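Note sheet for the following structure.
Small disclaimer: the values here were computed from a predicted structure and weren't measured. Here is the naming used below: chain letters follow the sequence lines, and residue numbers restart at 1 for every chain.
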2 protein chains.
Amino acid sequence: MGDRPATAARARPGPAILELVCCAVVDGRLAVLTERGRTARGGTLPWSPLDPAGPLDASAARWVRGLLGRAPGWMTQLGAFSTGGRHPSGAVLTVVYVAVVPSDTEPPAGFAWSPAFEPPPLPPRRQWVLDAAVAGLRDRMDLAPIAFRMLPATFTLSELQRIYELLLGRRLHKASFRRALQAAFLVEPTDAWRSEGRGRPAQLYRYAPRKRRGVRRPVRFELLA
Amino acid sequence: MGDRPATAARARPGPAILELVCCAVVDGRLAVLTERGRTARGGTLPWSPLDPAGPLDASAARWVRGLLGRAPGWMTQLGAFSTGGRHPSGAVLTVVYVAVVPSDTEPPAGFAWSPAFEPPPLPPRRQWVLDAAVAGLRDRMDLAPIAFRMLPATFTLSELQRIYELLLGRRLHKASFRRALQAAFLVEPTDAWRSEGRGRPAQLYRYAPRKRRGVRRPVRFELLA
DNA sequence: TCAATAGTGTCTGTTAGACATTATGGA
DNA sequence: TCCATAATGTCTAACAGACACTATTGA
């Protein structure tokens, strides 16, 4: 059944690279991990040649874990894109992954957090990828625990709401937010409280989703165009 | 593009192939386009070596257009997967696209519609891809005009509702469905009617989305786990 | 006439958002 | 004390689903 591609793949430059859009909330803003110093013209996203052996998601997970020094809070594949032949590695394809990490994650050496909405100048293709990744986080945060994985193990409900507001790009109603959260059985209170500046201390919660069955969302028509 | 994959693959093993999950509603069931006869052990999905030049989405669009003889009603990239080294083309990566076409689309020579929920025996990886593709259609049909593109230019509201019911896997309430559709300004009635068998004739509609701004969906927590 | 499907009006329980109020700390 | 934030109760408009009903065709 066919010849092994391994020889050809190892002889020539790798066919594809992995690229990472890693997001966190830093200083109250959405931040993305960028590599700095490679070129003078601006930043770049973390990338790595692809090891063609084994499942793609597992390869990416290993790479990101090694890069960050810890497993990301959440990660998914955004998709594959052609490099346009301009990538220095000689790769033809880029497979982009999107990950989120808690706010207290230190950037690895040579990397830094950049504001996701005013990033350093990026090549047009990378800027497009970044925008698509943030849009993907926004669209999936109701189905995946993205916001919860951008927080430490315990957090206040106001912190959680701020994550949602940052990713959705709009203010949310506090009482409504908490009612819906309560009804979803996703968090449970701890007996710890945190006093932050002036006002009343806030209770700390932890992400503890309880299985609920038979939750069917109604049909919605939300096409914009 | 569009030539027989076997020759191109043997001439120079490409780094990646394109694979297509093309869905339509045929005989009241969700169907997927399968290639037949290559092997005795079951069907396979349409695939093609990837032309590494140019944007990936454009290459895929050209290939699918040539394969079907017409542009698909809607298409998006599902993602990239490793072949596990077992693909006869020698490719390492598979980039899967998902497309939908109207019910009256004839399968190209050598292909056939297979029931998406009881397909011919597929290799495990392809079965997984098919399931993921159908799940992707289900999850995105509220944000993209997927159901509308599986219908001819004019259609009855009952036909539209049947598409939604097939993809969502559950029955929908007729009055609610039409109310929500009306509120979304997505269809407009034509002055044509269609008499189908016994009952009262149904009015034909066309997909004609009108821009509406300021439509913000509420925050929802729909994590299953 | 009956059967079958299209299309619509009404009612009701649920929910999202607005508003108001209380609670509890720091300055 | 004043102020800022947390947390919650109440009201209202909108909405989803159930139900019933009318409309219009073929058999």
Rounding to an integer number of Å, can you tell me how far A/L172 CG sits from D/dA7 C1'? 17 Å
Is a side-chain N or O of B/S103 found less than 3.5 angstrom from the main chain of B/L151, in a donor-acceptor match? no
Among C/dA6, C/dG26, D/dG17, which is the nearest nucleotide to the side chain of A/R198? C/dG26
So for B/H173 and D/dA18, does any side-chain atom that can act as donor or acceptor lie under 3.5 Å from a complementary atom in the base? yes
So, are A/E19 and A/R125 salt-bridged, with charged N and O less than 4.0 Å apart? yes
Over how many whole Å does the gap from B/E159 atom CD to C/dG7 atom C1' extend? 16 Å
Hey, is A/E188 close enough to A/R210 for a salt bridge, meaning N to O under 4.0 Å? no
Starting at atom CG of B/L181, determine the distance to atom P of D/dA16, rounded to an integer number of angstrom. 12 Å
Of all the nucleotides listed (D/dA6, C/dG25, C/dA6), which has the minimum atom distance to the side chain of B/A202? C/dA6
Does B/R179 contact C/dG7 through a side-chain donor or acceptor facing the base, at a distance under 3.5 Å? no
Side chain of B/R178, heavy atoms from C-beta onward: which of C/dT8, C/dA16, D/dT8 has the nearest atom to it? C/dT8
Between B/R217 and B/E196, the residue closer to the 5' end of DNA chain C by nearest nucleotide is B/E196
Spacing between B/L160 atom CG and C/dG7 atom P, to the nearest angstrom: 12 Å
Phosphate oxygens OP1/OP2 of C/dG25: is one of them under 4.0 Å from a side-chain N or O of A/S195? no
How long is the line joining CD of A/Q161 and P of C/dA16, in whole Å? 14 Å
Reckon A/Q203 touches a base, only the sugar-phosphate, or nothing at all at heavy-atom distances under 4.0 Å? sugar-phosphate
Could you tell me whether the side chain of A/T34 and the main chain of A/A112 form a donor-acceptor pair under 3.5 Å? yes
Length of the CZ-C1' vector between B/R171 and D/dA18, whole Å: 14 Å
Can you confirm if the aromatic rings of B/Y205 and B/F155 lie within a centre distance of less than 6.0 Å? no
Select base, sugar-phosphate, or nothing to describe what B/T156 touches, counting heavy atoms under 4.0 Å on all strands. nothing
Of the listed nucleotides C/dG17, D/dA6, C/dG7, the one nearest the side chain of B/W193: C/dG7
Per nearest nucleotide of DNA chain C, the residue lying toward the 5' end, B/Y205 or B/P218, is B/Y205
Contact nearer the 5' end of DNA chain D, comparing A/A175 with A/P201: A/P201
Is it the case that the side chain of A/Q203 and the backbone of A/A192 share a donor-acceptor pair, with hydrogens and angles ignored and the cut-off at 3.5 Å? no
Starting from C1' on C/dA18, measure out to CZ on A/F177 and report it in whole angstrom. 18 Å
Under 4.0 angstrom between B/R200 side-chain N/O and C/dA4 OP1 or OP2: no
Provide, to the nearest angstrom, the distance between the CZ atom belonging to B/R194 and the P atom belonging to D/dG26. 15 Å
